[in-house]
Amino acid sequence: MTQTNPETVTNSPETQDATIPFLPVKELSPEQWSTQDFIQEHQIPGIPVVLRQGVSEPEWNLEYLESKIGSEKFLCRFYGQERQTLDKRQWQTIGSGIAAKCLSFFEYANLVRSGKAHREDIYLAKCPLATTPLANSPSLQALGPQFNLHKGITDFNLWAGAGGHTESLHYDTFDGTLIQLAGQKRVVLFPPSQLSNLYPFPLIGHLHHGLKLRSWFSQVYPDKPDFGAFPGLEEALKHRYEVILNPGDVLYLPVGWWHEVSALGEGFVCSANRFWAVFPRRRVLSQWSSWRTYFAFLLSMPFMSLKFIQALTKPNRKEELEKVLRMF
């Protein structure tokens, strides 16, 4: 993991602002890995770390995934090619609120091979693997004990598509592990302390949009800063970190850390993630970013209840209900 602004931020505690914790950002090989050191240096303080070659899965390319989950159906998100050119304040949907359609992996693989997935930014995101053969992959199952993560909040999810796709800057309210399995991804990171300087979407939007818009996403583009509209971003960029994940690498993402994840290159790129209960619990309870998310869910309930009732009346009720439930 590397800092992108070495002249303004260093890894020396003496040069860090007093309000910003010292961030001993590390990349470790399996030979350097110690679970006890991870607990003391990363889990307890809540600091990311990369375990290089932490899993030994075969490459999860299109052919391999077709052989394992070809007939499985997943909700594919249709982002659209113009989305990343818009001012985010014009967005009407974010994340799991993006328009989705149920396709088999065979069908999605054809979209990748034809180039349509790239042209129209069609992406397999947050697709549960619990009922597929991939859920039992030994090296994935070994991650919990290796990272002292013993209570999964979710099962493993698949994130896959053509190079060029970006999952926009946001934070999560659980600890996460991101496992790279084919191609490369770039992850841009900001610490939780930069919440206000990254201009999250306002909470009030949940009253009108439910979970189609999400207040834990940022309104800024880290690579295209608009300091006129977002002056605090200039300060946030001093605390920007970046990592390139290669197949087999695992990134530990503590609760509250902002991250933007981009699939690199022109080929197929695939990863899996899982969310875990936060330990120690004070890390989640002490962050305003976590409480914002809890309030957001409360504000979204009237809208989401209406969407749930509407889904029950549709002819394709099962698919529509899944779309609603996947927003949570």
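The shown structure was predicted, so the numbers you read here are calculated from the model rather than taken from an experiment. Atom set for the values below is all heavy atoms of this structure, side chains included, hydrogens, waters and symmetry mates excluded.
- Counting all heavy atoms, side chain and backbone alike, Pro45 lies closest to Ile39 at CD-O, 4.1 Å.
- At a threshold of 4.5 Å between non-hydrogen side-chain atoms, the residues Leu103 and Leu75 do not count as touching.
- With contacts defined as side-chain heavy-atom distances shorter than 4.5 Å, the pair Arg214/His170 does not qualify.
- In this model, a donor atom of one side chain and an acceptor atom of the other lie less than 3.5 Å apart for Asn197 and Gln194.
- Side chains of Glu57 and Ser139: a donor on one and an acceptor on the other come within 3.5 Å.
- Side-chain atoms of Asn148 and Gln43 include a donor-acceptor pair closer than 3.5 Å.
- Aromatic ring orientation, Tyr221 versus Trp91: perpendicular (interplanar angle above 60°, classes split at 30° and 60°).
- Taking the centre of each ring, Trp216 and Phe297 come in below the 6.0 Å mark.
- Using a 3.5 Å distance cut-off with no hydrogens or angles, the side chains of Glu31 and Ser29 do pair a donor with an acceptor.
- With no hydrogens or angles considered, a side-chain donor-acceptor pair links Asn273 and Trp159 at under 3.5 Å.
- The aromatic rings of Phe38 and His42 sit parallel to each other, their planes meeting at less than 30°, with 60° as the upper class boundary.
- Counting heavy atoms from C-beta on, the side chains of Leu169 and Val220 come closer than 4.5 Å.
- Phe295 and Phe201 fall within the same hydrophobic cluster, where Ile, Leu, Val, Met, Phe, Trp and Tyr residues are linked whenever their side-chain heavy atoms come under 4.5 Å apart, directly or through other members.
- Contact of the Lys101 side chain with the Phe78 side chain is registered, since non-hydrogen atoms from C-beta on lie closer than 4.5 Å.
- In this structure, the side chain of Thr154 engages the main chain of Phe275 through a donor-acceptor pair within 3.5 Å.
- Looking at every heavy atom in both residues, Ala135 comes nearest to Leu129 through CB-O, 3.1 Å.
- Using cut-offs of 30° and 60° on the angle between ring planes, the pair Phe268 and Phe105 is perpendicular.
- Proximity of a side-chain donor or acceptor of Asn61 to a complementary backbone N or O of Glu63 within less than 3.5 Å is detected.
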Handout entry: Lys73 and Glu107: CA distance, side-chain angles, deciding distance, salt bridge (Lys or Arg N to Asp or Glu O under 4.0 Å) verdict
Key = CA-CA 9 Å; Lys73 291 196 171 184; Glu107 292 173 308; 5.5 Å; no
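- One hydrophobic cluster holds both Leu86 and Ile94 under the rule that ILVMFWY side chains link at heavy-atom gaps under 4.5 Å.
- In this structure, Phe230 has its ring center under 6.0 Å from that of Tyr199.
- With hydrogens and angles disregarded, a donor-acceptor distance shorter than 3.5 Å links the side chain of Thr293 to the backbone of Ser289.
- Remark: side-chain polar atoms of His118 are paired, donor with acceptor, to backbone N or O of Gly163 under 3.5 angstrom.
- Of all non-hydrogen atoms in Tyr108 and Ala160, the two that sit nearest each other are OH-O, 3.4 Å.
- Ring centroids of Trp276 and Tyr252 are separated by 6.0 Å or more, keeping the two rings apart.
- Remark: Asp223 engages Arg240 in a salt bridge, criterion side-chain N to carboxylate O under 4.0 Å.
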Practice task
Carefully, step by step, assess Arg77 and Glu167 under the rule salt bridge (Lys or Arg N to Asp or Glu O under 4.0 Å).
Solution key: CA-CA 11 Å; Arg77 296 181 189 173; Glu167 286 295 310; 3.7 Å; yes
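- Considering only heavy atoms from C-beta on, Ser271 stays 4.5 Å or farther from Ile179 through its side chain.
- With hydrogens and angles left out, the side-chain atoms of His165 and Ser262 include no donor and acceptor closer than 3.5 Å.
- Under the 4.5 Å side-chain contact rule for hydrophobic residues, Ile309 and Val324 do not share a cluster.
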Exercise for the section: Could you walk me through whether Lys323 and Glu320 pass salt bridge (Lys or Arg N to Asp or Glu O under 4.0 Å), step by step? Expected result: CA-CA 5 Å; Lys323 290 179 182 179; Glu320 292 300 317; 3.4 Å; yes
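- With contacts defined as side-chain heavy-atom distances shorter than 4.5 Å, the pair Gln287/Trp291 does not qualify.
- Taking hydrophobic clusters as Ile, Leu, Val, Met, Phe, Trp and Tyr residues chained together by side-chain heavy-atom distances below 4.5 Å, Leu251 does not share a cluster with Phe279.
- The salt bridge (Lys or Arg N to Asp or Glu O under 4.0 Å) test with Asp175 singles out one residue from Arg274, Arg281, Arg283, Lys151, and that residue is Arg283.
- When each of Val188, Leu195, Leu189 is paired with Trp258, the side chain to side chain contact (heavy atoms under 4.5 Å, CB included) condition holds for Leu195 and for no other.
- Remark: of the listed residues Lys185, Gln53, Gln184, Gln184 is the sole one forming a side-chain hydrogen bond (donor to acceptor under 3.5 Å, both in side chains) with Asn246.
- Hydrophobic clustering places Leu51 together with Trp60 (ILVMFWY residues linked when any side-chain heavy atoms are closer than 4.5 Å, directly or through intermediates).
- For the residue pair Ala311 and Leu321, the shortest heavy atom distance occurs at CB-CD2, 3.8 Å.
- One N or O on the side chain of Gln219 and one on the backbone of Pro200 form a donor-acceptor pair closer than 3.5 Å.
- Relative orientation of the Tyr79 and Tyr123 rings is perpendicular, given thresholds of 30° and 60° on the angle between their planes.
- Not one N or O on the side chain of His209 forms a donor-acceptor pair closer than 3.5 Å with the backbone of Leu213.
- The two atoms that bring Ala229 and Arg89 nearest to each other are CB-NH2, 3.8 Å, heavy atoms only.
- Under the 4.5 Å side-chain criterion, counting only non-hydrogen atoms from C-beta, Val250 is not in contact with Val50.
- In this structure the side chain of Phe303 never reaches within 4.5 angstrom of the side chain of Leu207, judged on heavy atoms.
- In this structure, a donor-acceptor pair under 3.5 Å is present between the side chains of Tyr171 and Arg292.
- Annotation: the span from Lys116 atom NZ to Asp121 atom CG amounts to 13.0 Å, rounded to 0.5 Å.
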Exercise for the section: Starting from the C-alpha separation in whole Å, work towards a yes-or-no answer on salt bridge (Lys or Arg N to Asp or Glu O under 4.0 Å) for Lys314 and Glu319. Expected result: CA-CA 9 Å; Lys314 299 289 181 65; Glu319 182 177 333; over 6 Å; no
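- Across all non-hydrogen atoms, the minimal contact from Arg52 to Ile244 is NH1-O, 2.9 Å.
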